[in-house]
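Nothing here was measured: the structure is a model prediction, and the numbers come from that model. Order of appearance sets the numbers: ligands from 1, and atoms from 1 within every ligand.
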Amino acid sequence: MQQIKKAVIPVAGLGTRVLPASKSIPKEMLPVVDKPVIQYVIEEAIASGIKEIILVTRSGKSSIEDHFDCHYELEAELSRKGKTAALAQVKDILPADVSISAVRQHQALGLGHAVLCAAPLIGNDDFAVLLPDMLIHAGQTNTCDLAGMVNAYETSGVGQIMVEPVPEHQVDRYGIVDCAGEHVLPGNAADIVRMVEKPKLEEAPSNLSINGRYLLPNRVLELLKTTQPGAGGEIQLTDALAAYLNEGRLQAFHMRGKTYDCGNKAGYLEANVVYGLEHPETAAAMRAFLTQLTL
Ligand code: G1P
């Protein structure tokens with residue numbers, strides 16, 4: 001069975017849901033506590049065995065690549081001052097055996113188009129897609145959902161799409177999967193029979209939403225080449241995956257943790273609270289502050 005070693009992270013979006021903050025700073029660089037959102041996503045990929053990160057980016061977003069590059073002056077200065085902890089934080093973001101490369105998406109034609117832009121770097125391999133807005137929080141479960149999904153893929157050989165239930169009024173914000181009514185328990189996967197991008201509530205086959213983590217067969221790239229614009233006039237990854245279901249299997253992997261959508265203001269603030277309550281430097285102060293707030 002092929003292992004998943006490459007992950008595509010589309011970062012060319014305009015971030016219109018978090019304006020004005022994202023006017024000149026890429027939304028992926030907005031911090032959650034002390035790290036940009038994109039760093040959590042790349043750390044999640046690395047923890048799941050990914051070795052090659054492929055960013056699909058555009059002009060005005062080079063700070064993302066810079067963040068994962070070496071900063072000589074800063075490192076020299078921190079080293080000279082003996083600030084070893086801070087030095088480790090800026091130096092050790094990427095393990096030596098993980099690479100980051102970037103391709104450009106010249107037109108904003110949708111997620112499916114962004115993934116297709118990475119095709120020359122994906123080559124003939126099966127691959128992961130990780131959406132940078134979505135932070136996957138392990139919470140009490142203390143397990144990495146993406147690593148669990150990679151394990152399910154490598155055991156079954158079937159492409160995996162991470163899902164989680166959302167309130168019914170939110171189904172029109174997401175790709176929604178139909179597992180023929182099967183009740184998929186957290187940590188388990190079930191075959192998808194149908195998927196729809198941002199359906200109206202009355203047309204939604206379930207409330208299981210795609211939360212931005214995919215492990216996909218290479219064949220999807222071929223299907224993307226002929227995928228026509230769909231919801232919102234964009235070339236949708238969900239539509240290519242729906243086409244794939246005519247010839248192969250895909251499974252919905254029900255996550256154990258919880259997703260925080262940092263591409264919208266409320267989700268971003270929630271993530272800062274949750275991660276702030278866990279960070280050793282902020283946990284005590286945050287807990288005290290929140291307790292005081294809710295008195
Ligand atoms: C994309 C996908 C959608 C998925 C969502 C998760 O939509 O097309 O299927 O549910 O990401 O965030 P977008 O948020 O880019 O409109």
- Query: Is the count of non-hydrogen atoms from other residues, nucleotides or ligands lying under 6.0 Å from Glu65 atom CD greater than 12?
  - Reply: yes

- Note on the structure: Residue shell for ligand 1, any heavy atom closer than 4.0 Å, reads Leu111, Leu131, Met134, Tyr174, Gly175, Glu197, Lys198, Ile210, Tyr214, Gln236, Thr238

- Do Pro205 and Val196 come close enough that some side-chain heavy atom pair is under 4.5 Å? yes

- Sequence neighbours excluded, every pair satisfying ring pair (Phe, Tyr, Trp, His ring centres under 6.0 Å) that has a member inside residues 36-68: Tyr40-Tyr275

- Query: From Met134 CE over to Arg213 CZ, what is the distance, rounded to the nearest 0.5 angstrom?
  - Reply: 7.5 Å

- Between Thr259 and Glu164, is any side-chain donor less than 3.5 angstrom from a side-chain acceptor? yes

- Message: Does this structure show an ion pair linking Lys6 with Asp125, if we count only N-O contacts that are shorter than 4.0 Å?
- Response: yes

